[in-house]
**Student:** 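Please read through the structure below; I'll follow up with questions.
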Amino acid sequence: MERTVNGGKKSSMTIIVEGHQVALYFSDEPNAQIALKVKQALLGTYLAAGK
């Protein structure tokens, strides 16, 4: 996992997921709508895997 640090704060992160490069960007302020979408995506993936 590779992290990019800007101005002493972690504002972005690049990771490899199943062979695909994924960039994550972070905000200084929380966003409940995005958190809900991420939660739903993670739960959907978990349920689809049948575990």
Side-chain angles (χ1 to χ4, degrees):
M1 182 173 3
E2 176 186 325
R3 294 183 184 189
T4 304
V5 178
N6 295 330
K9 297 176 84 176
K10 292 181 230 170
S11 60
S12 66
M13 178 187 299
T14 304
I15 60 174
I16 306 297
V17 178
E18 294 184 4
H20 299 280
Q21 185 173 344
V22 178
L24 305 171
Y25 296 92
F26 302 95
S27 171
D28 292 335
E29 298 177 19
N31 185 331
Q33 292 175 338
I34 297 299
L36 180 60
K37 288 182 181 185
V38 170
K39 179 181 174 181
Q40 290 173 339
L42 292 172
L43 286 173
T45 302
Y46 177 79
L47 293 173
K51 295 185 177 189

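Note that this is a predicted model, so its numbers are computed, not measured.
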**Student:** Could you report the tightest heavy-atom contact between Gln21 and Thr14, atom names first, then the distance?
**Tutor:** NE2-CG2, 3.0 Å
**Student:** Please determine whether residues Val22 and Val38 belong to a single hydrophobic cluster, defined as Ile, Leu, Val, Met, Phe, Trp and Tyr linked transitively by side-chain heavy-atom distances below 4.5 Å.
**Tutor:** no
**Student:** Flag yes if Leu24 and Ile34 sit in one hydrophobic cluster, no otherwise; membership is Ile, Leu, Val, Met, Phe, Trp, Tyr, and two members link when side-chain heavy atoms are under 4.5 Å apart.
**Tutor:**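 In one cluster: no.
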**Student:** Which distance, rounded to the nearest 0.5 Å, do you find between the NE2 of His20 and the CD1 of Ile15?
**Tutor:**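 With rounding to 0.5 Å, NE2 (His20) is 12.5 Å from CD1 (Ile15).
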**Student:** How far does OH of Tyr25 sit from CE of Met13, to the nearest 0.5 angstrom?
**Tutor:** 12.5 Å
